[in-house]
Number of protein chains: 2
Amino acid sequence: MQFGSAEGVRVAKAATVYDVAQLAGVSTATVSDTFRRPHRVKAATRDAVKKAADALHYVPSASARGLRHGRTGAFGLFSYDYFRTDPAAEPPETSVVGPGDEIRVVRGDKGFADRQFPVYVDEVQRGVELECWRRGYALLIGGGGHANSTTAVTDIAGRVDGLAVFPYTVPDEALERISNRIPVVMLSERPHGDGLSHVTVDNSGGMRAVTEHLLAEHGLRDLLFVGGPTTFDAQQRLAGFRAALRTAGLRVPRKPFPSAVDRAEATALVGDLLARDALPEAFVCYTDETALNVLEALADRSVAVPGRVAVTGFDGILAGRIVRPALTTVRQPMEAMGRAVVDILIGRLADPAGEPAWRRLPVEVVLRESCGCRLR
Amino acid sequence: MQFGSAEGVRVAKAATVYDVAQLAGVSTATVSDTFRRPHRVKAATRDAVKKAADALHYVPSASARGLRHGRTGAFGLFSYDYFRTDPAAEPPETSVVGPGDEIRVVRGDKGFADRQFPVYVDEVQRGVELECWRRGYALLIGGGGHANSTTAVTDIAGRVDGLAVFPYTVPDEALERISNRIPVVMLSERPHGDGLSHVTVDNSGGMRAVTEHLLAEHGLRDLLFVGGPTTFDAQQRLAGFRAALRTAGLRVPRKPFPSAVDRAEATALVGDLLARDALPEAFVCYTDETALNVLEALADRSVAVPGRVAVTGFDGILAGRIVRPALTTVRQPMEAMGRAVVDILIGRLADPAGEPAWRRLPVEVVLRESCGCRLR
DNA sequence: TTGAAAGCGCTAACAT
DNA sequence: ATGTTAGCGCTTTCAA
């Protein structure tokens, strides 16, 4: 099958309603009606219009429709790539295959720095995509550099009827401007009335539950909370941890808590604890990523998990299922969160004068091996 | 911080250039210039305009700009979710957290049907996203049901300056129409002149190389090719397999080849082979997914891999790294393929009268355990 | 350096 | 059942 005109040359201007109308011998209104309100057009006329449209390869312009309508029919998601420090960086050079090129053979995956496991952001994004498709909306994915995120996100905002953002990816000024024009949903705990809609999970309840598991089922007493940046969600998780200790009548430690956001920090933390002979009975980590770092640092120093110390995470990312020992964690319903975002946006469009929405979804504790549980 | 007007009510119509111009006491042209060609506006005027724009929460309408400009500044990707048979299906009911709700505790991941490993399409999509962001394009992700894909893809096409599609996701008629209006890149081998641009990999070379590895390094002779739907890419891979056999002076088997696109088929295939005592020395599978199915079916029947039989795949998806034995495969540069798509689209925009592009990227053979290699 | 105004393609209100 | 037409918000000549 041969598409396009000869040699794939596309010189003619794209066909418009006017062209179709002329060829079909009708008015532009009838062309529009044929596609948008077909019942108002006589069948014969409809066929003639469709035939003309086919012949001219007519594709309606969403810009024109959006301008006329005041709505674009698309939502936006301002996302990011967790593994890319600088998305603006030049990507690695890629060659193309020439005749007689050797095919590289490598043993194992050593030094293969390509995409890792999907993390929180990826899984939520997929939920947003699926629900947009299901509800008939197009989805505009923006993201990348934090450098010019104001420009980038404002550009996205101008193209959509509603926007979803992850916390701390967009400057407050930009958010304020945008949220005044279209509904915005943020994927985080809801800071005291910021006028945005929020989708979040039961951060404190989940962390409390996993902590209680450590306390009640494994009889542990000396738990160390490992945190990171003080986000709203992190605060809630810490609160849940403390609540569990308090309820159990244990001493609730004061801040500061150590963090282990990367391998180096985790290594330092474990090394320090070991040096001071102060290893706790459990590392209660505020994210799976942190827990994975701690797990590796512990393995490096040959500290047995769960034999000598337990480790728990929070999120439920895929990597935690795969790693050995498998990570006990609190699973967020990431796909459902993404879907909820879209549902809220649609609701806000239907009732722009209503209150911002705030949806807190349930989590579940997933018991695997790193807490000391024996599966099956 | 409080965004939005009181109670988050958004009643006023969105501000336009006219509003900003009026408030700043300038013409609409000056407002436009302030943002698009700032150097042509006196600094003081610029500041005044920006101040007015801030005050009014002005966000330029991409629809209007797109209409005026004839370009939208966005690309489209028509994607799909590999694990979702019917994306139009109602998603599972999700509740919200109420006060006093119990937190569910589950042991292990039994019955957890959420998102699996990322596959080919996910990794290519991420490449497209990253390159779009890097080059300053917005990315519209469409996809989902194959039911109304003509409607869906045409809708996307109307919103973008260029479109990327995976093979067999869009009916030919739709592609023809669209490719007449905007550049289209397909992620597949290039069927004899379809007028589209293509990004592909060295399918035959890669399959030939992995087959030669089985022949030369492991001394195997009785190889079974396991295929699936007869796509362009599949045909090339089969050709590579046959070429390797031919070169080695081995008998090149005729079609038909068995397939194992799902677990059931793989189980049946292995069962049949076992019953006929006709197990080959190696299963050379045309995708990783198929190889993974075969691996599982073999494990079910306690056939040792690589002890009794070798298995190889094609793609390089994450799951193949994780599974035991780790899967020997041919890795496609998926992120680079996604990036190439965007690069081509930008090129075609710059030179609409040029030839469709055709970029064939190199693959590499990744030796892991399932072929019989011992790592490290 | 700034302003006036045309026009991008579409659709809905209104007219026929 | 179909046609006429205004106008959505923006940018870009062209003129001042």
Side-chain angles (χ1 to χ4, degrees), chain A residues 12-50 52-53 56-74 154-155 157-161 177 181-182, chain B residues 12-50 52-53 56-74 138 154-155 157-161 181-182:
Chain A
K13 233 176 78 302
T16 71
V17 269
Y18 297 101
D19 304 314
V20 177
Q22 185 171 34
L23 182 59
V26 299
S27 75
T28 61
T30 300
V31 175
S32 179
D33 284 345
T34 296
F35 295 109
R36 306 295 160 207
R37 312 135 90 186
H39 58 281
R40 305 180 58 116
V41 182
K42 201 168 54 174
T45 315
R46 237 187 292 151
D47 292 343
V49 171
K50 283 192 175 147
L56 296 172
H57 305 290
Y58 172 64
V59 177
S61 152
S63 293
R65 176 147 25 102
L67 181 56
R68 169 68 227 238
H69 212 119
R71 291 257 173 111
T72 65
T154 306
D155 178 70
R159 301 167 178 275
V160 300
D161 297 333
R177 175 180 290 223
R181 175 160 175 164
I182 55 174
Chain B
K13 236 175 76 300
T16 71
V17 267
Y18 296 100
D19 305 314
V20 176
Q22 186 172 31
L23 182 59
V26 299
S27 76
T28 60
T30 302
V31 175
S32 179
D33 283 345
T34 297
F35 295 109
R36 307 296 159 204
R37 312 137 87 185
H39 57 279
R40 305 179 58 111
V41 182
K42 201 169 54 174
T45 315
R46 236 188 291 150
D47 292 342
V49 170
K50 282 190 175 148
L56 296 172
H57 305 290
Y58 172 65
V59 177
S61 152
S63 293
R65 175 145 28 101
L67 180 55
R68 169 68 228 239
H69 210 121
R71 291 253 175 114
T72 66
T154 307
D155 177 70
R159 303 168 178 274
V160 300
D161 297 334
R181 175 159 176 167
I182 55 174

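- Distance alone, capped at 3.5 Å, is enough to place a donor-acceptor pair between the Asp19(B) side chain and the Thr16(B) backbone.
- Between Ser61(B) and Arg181(A) the shortest side-chain heavy-atom distance falls below 4.5 Å.
- Side-chain contact between Thr45(A) and Thr34(A) is absent, with no heavy-atom pair separated by less than 4.5 Å.
- Phe35(B) comes within 4.0 angstrom of nothing in the nucleic acid, heavy atoms only.
- One can place NE2 of His69(A) at 13 Å from P of dG9(D), the figure rounded to the nearest angstrom.
- Taking 4.5 Å as the limit, every side-chain heavy atom of Gln22(A) sits out of range of all side-chain heavy atoms of Leu56(A).
- Under the 4.5 Å side-chain criterion, counting only non-hydrogen atoms from C-beta, Val41(A) is not in contact with Val49(A).
- In this structure, the nucleotide among dA4(C), dT4(D), dG9(D) sitting nearest to the side chain of Ser27(B) is dA4(C).
- Taking atom CG of Leu56(A) as the reference point, atom P of dC10(C) lies 12 Å away to the nearest angstrom.
- For the pair Arg71(A) CZ and dA12(C) P, the computed distance is 13 Å after rounding to whole Å.
- Between Arg159(A) atom CZ and dC10(D) atom P the separation is 13 Å, expressed in whole Å.
- Val20(B) is not listed as a side-chain neighbour of Val17(B), based on a closest heavy-atom distance of 4.5 Å or more.
- Checked against dC10(C), dT12(D), dG3(D), the side chain of Tyr58(A) finds its nearest nucleotide in dC10(C).
- The distance between atom CG of Asp33(A) and atom P of dT4(D), rounded to the nearest whole Å, is 14 Å.
- In this structure, CG of Leu67(B) is placed 9 Å from C1' of dG9(D), rounded to the nearest angstrom.
- Residue order along DNA chain D, read from the 5' end via each residue's closest nucleotide, puts Thr30(A) first among Tyr18(A) and Thr30(A).
- One interatomic measurement links the two molecules: CD of Gln22(B) to P of dT2(C), which rounds to 19 Å at whole-angstrom precision.
- Ser32(B) comes within 4.0 angstrom of a base, heavy atoms only.
- Remark on DNA chain D: of its neighbouring residues Ala64(B) and Gly25(A), the 5'-side contact belongs to Gly25(A), judged by nearest-heavy-atom nucleotide.
- With hydrogens and angles disregarded, no donor-acceptor distance shorter than 3.5 Å links the side chain of Arg159(B) to the backbone of Ala74(B).
- Heavy-atom distances under 4.0 Å link DNA chain D to Arg37(B) of residues 37-46 of chain B, given in residue order.
- Across all strands shown, Val31(A) has no heavy atoms under 4.0 Å from either base or sugar-phosphate atoms.
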